[in-house]
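Down below is the structure, laid out as C-alpha cells.
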Amino acid sequence: MSASLTIAGRTFHSRLLVGTGKYRSNQEMARCHKASGAEVVTVAVRRVNLDRRTESLLDHIPTDKYFLLPNTAACYTADEAIRTARLGREVGLSNWVKLEVIGDEKTLFPDNAGLLEATRVLAKEGFVVLPYTTDDLINARRLVDAGAAAVMPLAAPIGSGLGIQNMTNLRILREMITEVPLIVDAGVGTASDATVAMELGYDGILMNTAIAAADDAVKMAEAMKHAVIAGRLAFESGRMPKKLYASASSPMAGMVSS
C-alpha cells in the first residue's frame, strides 16, 4: 500500500506525522489531527501536563485513534534528552521517542554529537529512537549505526516554513540511507513542500507549524494529507524524463495527410 509506513516493525496507514504545538486551542488541534489523517502525534514531554489533574492537551488526543510519539523538545544536552525520554516512558506515554538535542537557541539546529550520544544510550535501553538531525549523510549513518529506528533530517529550520533548502543533500540521504525510514522533519511551509519531499522518495513527513500557523489550520491539515499522498504516488509511479525540447503528445503515425 502506498500509504503504509513501517517503523521498527509497526505499520501506520498514513505517512504524515503531526505535532501539537502553536494551535489556537486544543479543540482546533483535535480538528486538525482528524483532517490530516495522521496516526502519529508527537508531544513534547517537557511542555505537557503529565499529572492529568487539570486539563491537558493529552485529553484531546484519543489513544485509540492516535499513536503518541513523545519528543525531547527544549533539551540542550544529551543528559537532558535522555532523562526526558525516560520520563515519557515512566508516565506511560511510550518507549518511542522523537529525539531532539538542540545545539543553538536561535536556529534550533541539533547538536549532532549530543544527539549521537543520546541515541546510543536510549537505543541500548530499548527505546525506539527517531532522531531529529541535520541533512548530513555522515551523521545520519552514525545515527543508524547507534541504533536509530528512523532518521529525521530537517528541510529547513524548525518553524521557518521555508521548504526544502538543500535538495541535493536530501537526495543523497535518500540514495545512501536505505536501512531505516527517512522522515523529513521541520521546515515545511505549505502543501507543495510536502509533495516535493515525498517525490524525493522520503518515507514520511513530520510537521506542526505549517498546519497550526495557517489562517485556516483545518484546511491546511487536509491539504497536507493529500499532498503527502500525491507526492508518494508520484514517486512510486516514476516521473517522465525531462527534455530540453518539445515532444508532441499525439503521435504522427496514422494521421490523415493533407
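None of these values were measured; they are calculated from a predicted model.
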Q) Quick one: salt bridge (charged side-chain N to carboxylate O under 4.0 Å, His left out) pairs with a partner in residues 77-87, sequence neighbours left out? A) R46-E80, R86-E125

Q: Could you tell me whether E105 atom CD has more than 12 heavy atoms of other residues or ligands within 6.0 Å of it?
A: no

Q | From CE (M152) to CG (L17), nearest 0.5 Å | A | 6.0 Å

Q | Closest heavy-atom pair and its distance - A197, V184 | A | CB-CG2, 4.0 Å

Q: Begin with the C-alpha distance, continue with both residues' side-chain angles, and end with the deciding distance and a verdict on side chain to side chain contact (heavy atoms under 4.5 Å, CB included) for L68 and T63.
A: CA-CA 7 Å; L68 288 181; T63 53; 3.9 Å; yes

Q: Kindly compute the distance separating CG (D203) from CD1 (I183), expressed to the nearest 0.5 Å.
A: 7.0 Å

(Q) So, taking the atom named CG in N71 and the one named OG in S94, what distance separates them when rounded to the nearest 0.5 Å? (A) 11.5 Å

Q. Nearest heavy-atom pair of S56 and V48: which atoms, and what distance?
A. OG-CG2, 3.6 Å

Q: Using a strict 4.0 Å threshold on nitrogen-to-oxygen distance, state whether D135 and R174 make a salt bridge.
A: no

Q: Given side chain to side chain contact (heavy atoms under 4.5 Å, CB included), test I211 with Y23 step by step and report yes or no.
A: CA-CA 9 Å; I211 295 174; Y23 286 97; 3.5 Å; yes

Q | More than 12 heavy atoms of other groups within 6.0 Å of D215 CG | A | no

Q | Under 3.5 Å donor-acceptor, T42 side chain and L69 backbone | A | yes

**Q.** Distance-only polar pair, side chains of T11 and S4, donor-acceptor under 3.5 Å
**A.** no

Q. Is L115 close to D111 at the side-chain level, that is, under 4.5 Å between some pair of heavy atoms?
A. no

Q: Kindly work out whether a path of hydrophobic side-chain contacts (I/L/V/M/F/W/Y, heavy atoms less than 4.5 Å apart) joins L162 to M167.
A: no

Q | Spacing of SG belonging to C75 relative to CD1 belonging to I82, to within rounding of 0.5 Å | A | 10.0 Å

Q: Can you measure from NZ (K225) to CD1 (I229) and round to the nearest 0.5 angstrom?
A: 6.0 Å

**Q.** For R24, all residues meeting salt bridge (Lys or Arg N to Asp or Glu O under 4.0 Å), sequence neighbours excluded
**A.** E28

(Q) Let's go through T77 and V101 carefully: what are the C-alpha distance in whole Å and the side-chain angles of both, what is the deciding distance for side chain to side chain contact (heavy atoms under 4.5 Å, CB included) to 0.1 Å, and is it a yes or a no? (A) CA-CA 6 Å; T77 68; V101 181; 5.5 Å; no

Q: State, with a plain yes or no, whether a side-chain heavy atom of L16 is found less than 4.5 Å away from one of M207.
A: yes

Q. Is there a donor-acceptor pair closer than 3.5 Å between any side-chain N or O of S247 and the backbone N or O of K243?
A. no

Q: Determine whether N112 and T134 make a side-chain contact, defined as any pair of heavy atoms from C-beta on separated by less than 4.5 Å.
A: yes

Q: Determine whether V97 and V128 make a side-chain contact, defined as any pair of heavy atoms from C-beta on separated by less than 4.5 Å.
A: no

Q | Sub-4.5 Å side-chain heavy-atom contact between T195 and D193 | A | no

Q.
Tell me the closest heavy-atom pair linking M198 and V228, and the distance in Å.
A. CG-O, 3.8 Å

Q.
For a quick test of reading the model, state the closest non-hydrogen atom pair linking M224 to A194 and the distance between them.
A. SD-CB, 4.1 Å

Q.
Looking at every heavy atom in both T20 and N208, which two are closest together, and how far apart are they?
A. N-OD1, 2.9 Å

**Q.** Donor-acceptor contact present, side-chain S160 to main-chain A156, <3.5 Å
**A.** no

(Q) Any side-chain to backbone donor/acceptor pair from S36 onto A38? Under 3.5 Å, distance only. (A) yes

Q: Verify side chain to side chain contact (heavy atoms under 4.5 Å, CB included) between T190 and M220, making sure each step is shown before the conclusion.
A: CA-CA 8 Å; T190 191; M220 184 60 81; 4.0 Å; yes

Q | Counterpart residues, side chain to side chain contact (heavy atoms under 4.5 Å, CB included), relative to T178 (two or more places apart) | A | none

Q | Single-linkage hydrophobic cluster, 4.5 Å side-chain cutoff, V144 and Y202 together | A | yes

Q) Are L200 and L173 co-members of a hydrophobic cluster defined by side-chain heavy atoms under 4.5 Å apart? A) yes

**Q.** Any donor-acceptor N or O pair under 3.5 Å, side chains T107, D104
**A.** yes

Q. How about L108 and E100: do any of their side-chain heavy atoms sit closer than 4.5 Å?
A. no

Q) Taking only residues two or more places apart in sequence or in another chain, which ones pass side-chain hydrogen bond (donor to acceptor under 3.5 Å, both in side chains) with D185? A) K98

Q: Work out which heavy atom in I158 is nearest to a heavy atom in A186; give both atom names and the distance.
A: CG1-CB, 3.7 Å

Q. Going only through I, L, V, M, F, W and Y residues with side-chain contacts under 4.5 Å, is there a path from L137 to V151?
A. yes

Q.
Filter on ring pair (Phe, Tyr, Trp, His ring centres under 6.0 Å), then keep only pairs touching residues 63-91, sequence neighbours left out; what's left?
A. F12-F67, H33-Y66, F67-W96

Q: For the pair E39 (side chain) and H13 (backbone), establish whether a donor and an acceptor sit closer than 3.5 Å, ignoring hydrogens and angles.
A: yes

**Q.** I177 side, atom CD1; L143 side, atom CG - distance, nearest 0.5 Å
**A.** 9.0 Å

Q.
Considering only residues two or more places apart or on different chains, which pairs with a residue in residues 139-148 satisfy salt bridge (charged side-chain N to carboxylate O under 4.0 Å, His left out)?
A. none

Q. Is there a side-chain contact between L93 and L58, using heavy atoms and a 4.5 Å cut-off?
A. yes

Q | Joint cluster assignment, L99 & L154, ILVMFWY side-chain distance < 4.5 Å | A | no

Q: For residues M29 and I61, determine if any side-chain heavy atom of one lies less than 4.5 Å from a side-chain heavy atom of the other.
A: yes

